[in-house]
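The next block holds one structure in the form of structure tokens; read it before the comments.
Atoms within each ligand, like the ligands themselves, are counted from 1 in listed order. Just so it is clear, the structure is predicted and the values come from calculations on it, not from any experiment.
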Amino acid sequence: MTLKNKKNACRVLAVLFTALALSAFTGCSKNAGSKKTGKSIAVYIPGIMADSPIYAKLAAGAEAAVESFNATAKEGEKAEIKIVEGGTNQAEWPGHLTTLCAEGKYDVIISSNPSLPELCEPLTKQFPNQKFILLDAMKEGNSSIVTARYAQDESAFMTGYVAGLMTKTNKIGLITAQEYPVMNEIILPGYEKGAKAANDKVEVDFRIVGNWYDAKKGAELADAMSASGVDVILPICGGACQGVIASAKEHGTKLCFFDSNSYSAAPGQVISCVETLQEKLTERLTLEFLNGKTVWGSFNEYGMKDGLVKFNDTDPLYIESVPEEIRNKIAKQLEKWN
Ligand code: RBF
């Protein structure tokens, strides 16, 4: 093969590779096929929606905003939305986001998790017209990005407080998918602080799955925790939570959840669910964007007093699984945040 032929072959391979990478995206489009005239939105899920309520709520909130905006929008101004699931290989996310920007089709890319600002910031220089709405994330002062996140210190403290009141062994656990600054600096210390506020003898066992999908590893870690006497576990590990739940059912371990109402995951064993109202916040921020009201460069944190973090203490399964005396202590503690 001559040098020129080799170069051409390389080019063909590069094009094929890019095409393959693009086709690996799993996306679905609403209003696809209709003439594009209004604003166009891409929701990028950095992971998968199954077993990650924070992501399912992101997509649902953006879709709800588009639906309500389109209900009164004039013909020709109706918005379009496409949901793209990036998958659990984090090394692929920057390429996916670059492709979405390079397509030039989307007025805004909406996504969620604390690692997104770092991935999107360089893209705002490369694609100055591309806007980003990032939830569960913090970045102030970039005029192409707006961010909002939840007061995870409140969720973590309250969850630790319940765990501290409910443990009989003084050993509670936290199983995370991976270490990240919000986990190491806010959630883990908050959980420990809340637990110690309830019971100063409590020790926290902290273990790491290594990814957001491995249910087998989740079960192994939960089994090992139970074997060492842990009797309450907070899993924050996406699909790996399924393994933690299976292990908890086998060993009678109590469970606490973040993000959504998960009392029915193991009825009688789930003792707290602190919900983040990600659907509501995503809908609000998407509507602001569609109405041209976004304050670019801004960052806001929302907690219980804003109604965007909610300790669910009304579910019948909570009332059933947590004794009244303990529920009263929790209610008192909750007053401090509201
Ligand atoms: N939370 C999930 O529930 N599912 C995920 O797949 C997921 N992936 C994440 C990936 C990264 C890189 C980071 C930093 C966080 C991720 N989170 C995920 C955690 C999420 O931001 C949040 O902390 C938890 O959902 C608890 O509210």
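When only modelled atom types and interatomic distance are considered, Y150 and Q278 share a side-chain donor-acceptor pair under 3.5 Å. Under 3.5 Å, the side chains of N170 and E203 contain no donor-acceptor pair of N or O atoms.
Taking a heavy-atom cut-off of under 4.0 Å, ligand 1 is surrounded by S52, I54, Y55, Q90, W93, N113, P114, S115, D136, Q152, Q178, Y180, W212, I236, F258, D259.
Ring-plane geometry between Y263 and Y318 is classed as tilted, the angle between the planes lying from 30 to 60 degrees on a 0 to 90 degree scale. Relative ring orientation between W212 and Y180 is described as tilted, the plane-to-plane angle lying within the 30° to 60° band.
Because its NZ or CZ atom is not both nearer than 6.0 Å to the ring centre of F289 and within 45° of the ring axis, K131 does not count as a cation-pi partner of that residue.
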Review item, side-chain donor-acceptor pairs of residues 137-147, under 3.5 Å, at least two apart:
from	atom 1	to	atom 2	distance (Å)
K139	NZ	E121	OE1	3.1
N142	OD1	S144	N	2.8
N142	ND2	E121	OE2	2.6
N142	ND2	T124	OG1	3.2
T147	OG1	K139	N	3.1
T147	OG1	K139	O	3.0

